[in-house]
Amino acid sequence: MFRRQFLAGGSAIGAATIAGCGSLESRAIDVPPVLDDPPDAIYVPGHVEGMDLVGTETTGEYTVGLSYSYPHRFWTITGNERERTSIDETDSVHLMATVWDPETGLVLPDVGVSIEITQDGSLVSQETVYAMLSQPMGVHHGGNFTGLSDGETYAVRVAVGATASRPTGTFTGRFDEPATATFEFTFETSAMQAIRFERLDRAGERDALEGMSMDAVPTGVALAPEAIPGRTATTMADDIRYVASLVDPPAGVDGQESYLAVSPRTRYNGYSLSRMGLSATLEDDETVTDGQLTRTIDPDLGYHYGTTVPAVDSAELSITVDTPPQVARHEGYETAFFDVPTAKLSL
Amino acid sequence: MQAMEARPGYDRRQFLKTAVAAGGTVALSACLEISDEQVPGGVGDPSSLPDRQHAWNDRVRSDEYGNVSLPRHQSLLYLALDRDGPPTDADRKVVGGALRTLDRAYERSNEGLIHSIAYSPAYFERFDEPLPASVDLPQPRRLSPFEEPQFDTQDALLHLASDRAEVILEAEAALQGEREQVNGVAVDVSITDALTVDDRRSGFVGPGMPADRQDVAGIPDTEPVPEAAPLFMGFEAGFRGNQATEDYVTIDSGPFAGGTTKHVSRLRQRLEDWYVEQDFEDRVTELFSPAHAAEGLVEGVGENLGSDSGLTPEMIENVREHAREFGRVGHAQKAARANRDEEGNVRLLRRHVESTDGDVAALHFPSLQQGISAFEEVRRAMNGTDLTDEPAIRQRVNNGILEYIFTTHRGNFLVPPRRHRVLPSPRPA
Ligand code: HEM
């Protein structure tokens, strides 16, 4: 069901060795260091790691997929600041939860997620995990967890909180309740060792590893421009590709004649860029609209940033990033999407 | 439970701390062997005690600024009535007798024992008639878009508090019929003849206590909790200026005038990122406000703050500007938005204590207010959901302390005035 298929290039230097105790001390040396001088852009990281699926479960209004991999270093983002979270020697595993709408398969990047791990009813760990973006793994929520022992079985409860993005269209009124999915997870270092780990010889190149093809779990690739209704146009600013469209206002949005939806996605893999502050100016002869867009999730428009506008025949749109995506970044994304120039396109 | 003995050289304080958390008779018998100080006795006539069960402030210690120090050891007994339907006269005789025994045995103070009993909406549903409109006591419910707590719907909650661990333990033993005498007073009835202890939760609060007990799940192994901190998160709380008065939280009309309502939640604390990822300034930002950090208003555990938290009306009003400017908002700042009435009075009287039950760091959070709605409004303000349109403010991240606390239980109770404290009907005469 779950194919570990990597289309990314790179040279294998053999599987990494792992200490058999649930910590990764001996393996840590095999993780290539972070590049000294990465470009201020999306780039190919020094290595690629696979992951294994624990399972998927539908709970409340959500389907949750739980996967795991080696502990990861990643960068958390607050406003324009980036802070590195290094691998701690006590970290056992990186857990990743992907949450989507079971009906449309759309990933919900703006829910809150926390993960609790128990064994025989007693608490092993519990953390609020971060919304994340990873080249091979796409849009997910994840974090490193400590305290797991080889061969032991745990109950992993993934708690999903309501979405912070506005649900519109047939999503109106949905995703406002929490729900929890429970998985049984046996932590086996031998299984973890079998997860792909490869160094890459093109580290630092301006490109991205392709997403892992996962049949069971969507990676959060944004809708193709052709799939978005209305009058659409596409443009790029640095590593952000924007698809903008003018459509009839979806249900759940008050007012006006028309609706502007802007869907930003990553340059190479087309992953939805969530949790940004975006503002837009739409002008024909005079300014039609000027202001902040609202983070929105819609079954037809996908995850986007939108606002109502008066009807216009043809107009010039400029899109400004006020706040870069507030998602934690796996390697290769940590320097991207900052200081993005204003994008302009004709609609 | 581990058997405990009083070993030579074994610090008594160390011993007692394990004892209240462990509870039960093993702890107790060992405990009583090594306690030698005289505990002050109670009153001959319990009806001479003040009518407000929640009047604790003038019976406990306060510091030089008038901030109340809660008794260091506490226990919450969740009690279930052993029958269907309303309680009988016999039940009332038992419960009344057991509570009067405690009043006679112990001075009502931090040196002796402070106790109060409260009743849940589920208890009042045993009666045909509803509670009067003057009592705002809904069933407990979910108060954030990300929590799924268990609801405590037991009939009653008996809250015990003392600076002396052994007093709590001995009072519990007496209530459960395991003592013939308690602090020199004869025990005629045990509360467990009418009520079953469904759950027992223990708590503690005060400088040094969290640091002493930080070897539990939820606190990183680096022992980061400052010695001076009364709470695991490393700061003082409950300043006089940020607390409602007992007068203010008192129900002022109807049959339960003189009583109050009590919401009690239990929050599991996960302080790995709090102490390891965050530095002191980050912690001040997230607990108080970004302005507190920028202006260096908090020193150490907050000992410089005096009689209030330093939160100004501007900081409360500017929470959105702070979100934009700093990418973070503070816990106290957010909660305060709903914690003032039109005249500027504080609405909630918070009496939270720490817990290591089950070797897990948690907070028991009793809050008193005129009506439960006031608590619900403040908790919703603390969620900061309205601020998450600012993308740096996530549902739980950069949003006060929500990243580190996980609500596991919620319960709502009415603390009747003393005259109705024994298994009251919804409309007592
Ligand atoms: C581990 C959990 C918590 C800790 C460590 C904590 C700590 C603090 C601290 C240090 C302050 C500032 C000082 C003060 O005014 O007391 C504060 C204020 C406050 N907290 Fe908490 N708190 C916690 C949970 C809660 C919860 C669950 C609520 C529920 C509503 C809450 C409500 C408030 C309120 C209303 C204020 C006062 C704000 C004002 O000035 O009006 N706290 N808290």
Side-chain angles (χ1 to χ4, degrees), chain A residues 60 76-81 83-86 88 90 110-114 116 118 121-131 141 143-147 157 159-166 175-180 274-278 292-295 305 321-328, chain B residues 142-149 216-218 220-222 267-274 276-279 282 285-286 290 322-329 357-362 383-408:
Chain A
T76 56
I77 309 289
T78 298
N80 287 303
E81 315 248 304
E83 199 164 331
R84 178 167 153 181
T85 300
S86 297
D88 191 276
T90 59
D110 238 347
V111 292
V113 177
S114 67
E116 179 201 62
T118 57
S122 72
L123 184 68
V124 176
S125 188
Q126 184 170 27
E127 301 292 337
T128 300
V129 297
Y130 300 106
H141 286 76
N144 295 333
F145 285 81
T146 57
R157 289 163 53 81
V160 181
T163 183
S165 40
R166 171 183 61 177
F175 313 125
D176 62 348
E177 296 271 323
T180 296
S274 63
R275 302 170 182 248
M276 302 173 77
L278 276 191
Q292 278 257 334
L293 304 178
T294 302
R295 279 150 40 215
Y305 299 74
V321 177
D322 303 321
T323 314
Q326 300 293 293
V327 295
Chain B
R142 198 163 62 63
L143 297 179
S144 79
F146 47 83
E147 66 179 33
E148 292 170 272
V216 288
D221 293 339
T222 51
L267 312 161
R268 201 184 264 169
Q269 297 178 71
R270 301 290 307 171
L271 304 183
E272 188 78 36
D273 287 353
W274 176 250
V276 177
E277 258 176 31
Q278 309 276 81
D279 60 21
D282 294 329
T285 297
E286 291 197 333
H322 285 181
R324 210 162 293 148
E325 186 179 344
F326 300 97
R328 290 176 174 204
V329 288
D357 291 344
D359 290 328
V360 169
N383 294 338
T385 307
D386 57 312
L387 301 168
T388 59
D389 58 341
E390 214 29 77
I393 312 300
R394 335 278 161 84
Q395 187 169 79
R396 300 177 77 153
V397 178
N398 297 335
N399 194 344
I401 55 174
L402 296 174
E403 180 176 347
Y404 322 99
I405 57 176
F406 297 85
T407 308
T408 63

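It should be emphasised that the depicted structure is a prediction, and the values quoted were computed from it without experimental measurement. As a basis for the values below, the full set of heavy atoms in this structure was taken, side chains included, without hydrogen atoms, waters or symmetry mates. Chain A is the first sequence line, chain B the second, and so forth, proteins listed ahead of strands; every chain is numbered from 1.
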Peer 1: Tell me, out of Arg142(B), Glu277(B), Glu390(B), who's got the most heavy-atom pairs with chain A below 4.5 Å.
Peer 2: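 When all of Arg142(B), Glu277(B), Glu390(B) are compared, Arg142(B) has the most.
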Peer 1: With a 4.5 angstrom heavy-atom cut-off, which part of Glu83(A) approaches chain B: side chain, backbone, both or neither?
Peer 2: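 For Glu83(A), the contact with chain B is made by the side chain alone.
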Peer 1: Highest number of heavy-atom pairs under 4.5 Å with chain A: which of Ser144(B), Gly327(B), Pro145(B)?
Peer 2: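 Option with the greatest count: Pro145(B).
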Peer 1: Please state whether the side chain, the backbone, both or neither of Glu116(A) comes within less than 4.5 Å of a heavy atom of chain B.
Peer 2: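 Side chain only.
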Peer 1: For Glu272(B), is it the side chain, the backbone, both, or neither that has a heavy atom closer than 4.5 Å to a heavy atom of chain A?
Peer 2: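 The side chain, not the backbone.
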Peer 1: For chain B, find which of Ala159(A), Gly161(A), Gly147(A) contributes the most heavy-atom pairs closer than 4.5 angstrom.
Peer 2: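 Of the candidates given, the most pairs with chain B belong to Gly161(A).
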Peer 1: Please classify the contact of Arg295(A) with chain B as side chain, backbone, both or neither, using a heavy-atom distance under 4.5 Å.
Peer 2: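 For Arg295(A), side-chain heavy atoms alone lie under 4.5 Å from chain B.
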Peer 1: Going by the salt bridge (charged side-chain N to carboxylate O under 4.0 Å, His left out) test, which pairs reach into residues 394-404 of chain B, not counting sequence neighbours?
Peer 2: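 Residue pairs passing salt bridge (charged side-chain N to carboxylate O under 4.0 Å, His left out), neighbours aside: none found.
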Peer 1: Which heavy atom of Glu127(A) sits nearest a heavy atom of Phe406(B), and at what distance?
Peer 2: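 Of all heavy-atom pairs spanning Glu127(A) and Phe406(B), the closest is C-CZ, 3.9 Å.
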Peer 1: Report which part of Arg324(B) has an atom under 4.5 Å of a heavy atom belonging to chain A: side chain, backbone, both, or neither.
Peer 2: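 Answer is neither: Arg324(B) stays 4.5 Å or more from chain A.
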Peer 1: Please flag which part of Asp273(B) lies under 4.5 Å from any non-hydrogen atom of chain A: side chain, backbone, both or neither.
Peer 2: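 Asp273(B) touches chain A through side-chain heavy atoms alone.
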Peer 1: Could you tell me whether Asp386(B) atom CG has more than 12 heavy atoms of other residues or ligands within 6.0 Å of it?
Peer 2: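 Above 12, so yes.
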Peer 1: Where does Ser114(A) contact chain B at under 4.5 Å (heavy atoms): side chain, backbone, both or neither?
Peer 2: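 For Ser114(A), the contact with chain B is made by the side chain alone.
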Peer 1: For Pro391(B) versus Gly277(A), what's the shortest heavy-atom pair and its separation?
Peer 2: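 For Pro391(B) and Gly277(A), the tightest heavy-atom pair comes out as CG-N, 3.4 Å.
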Peer 1: For the residue pair Leu402(B) and Thr128(A), what are the closest heavy atoms and their distance?
Peer 2: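 Nearest heavy atoms, Leu402(B) then Thr128(A): O-OG1, 4.3 Å.
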Peer 1: If we only count heavy atoms from C-beta on, is the Gln292(A) to Asp389(B) side-chain gap below 4.5 Å?
Peer 2: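 With C-beta onward as the side chain, the pair stays apart.
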Peer 1: Which atoms form the tightest heavy-atom contact between Val124(A) and Arg270(B), and what is the distance?
Peer 2: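 Reported closest heavy-atom pair: O-NH2, 4.3 Å.
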Peer 1: Among Phe326(B), Phe146(B), Tyr404(B), which has the most heavy-atom pairs under 4.5 Å with chain A?
Peer 2: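 Heavy-atom pairs under 4.5 Å are most numerous for Phe146(B).
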Peer 1: Considering only heavy atoms, which portion of Ile393(B) lies under 4.5 Å from any heavy atom of chain A: side chain, backbone, both, or neither?
Peer 2: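 For Ile393(B), no heavy atom lies under 4.5 Å from chain A.
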Peer 1: Pick one of side chain, backbone, both or neither for Thr294(A), based on which atoms fall under 4.5 Å of a heavy atom in chain B.
Peer 2: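 Neither part.
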Peer 1: For Glu148(B), give me all partners under salt bridge (Lys or Arg N to Asp or Glu O under 4.0 Å), at least two apart in sequence or on another chain.
Peer 2: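 So Glu148(B) forms no salt bridge (Lys or Arg N to Asp or Glu O under 4.0 Å) with any residue.
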Peer 1: Which region of Thr180(A), side chain (C-beta onward) or backbone (N, CA, C, O), has a non-hydrogen atom less than 4.5 Å from a non-hydrogen atom of chain B, or is it both or neither?
Peer 2: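 The answer is both parts of Thr180(A).
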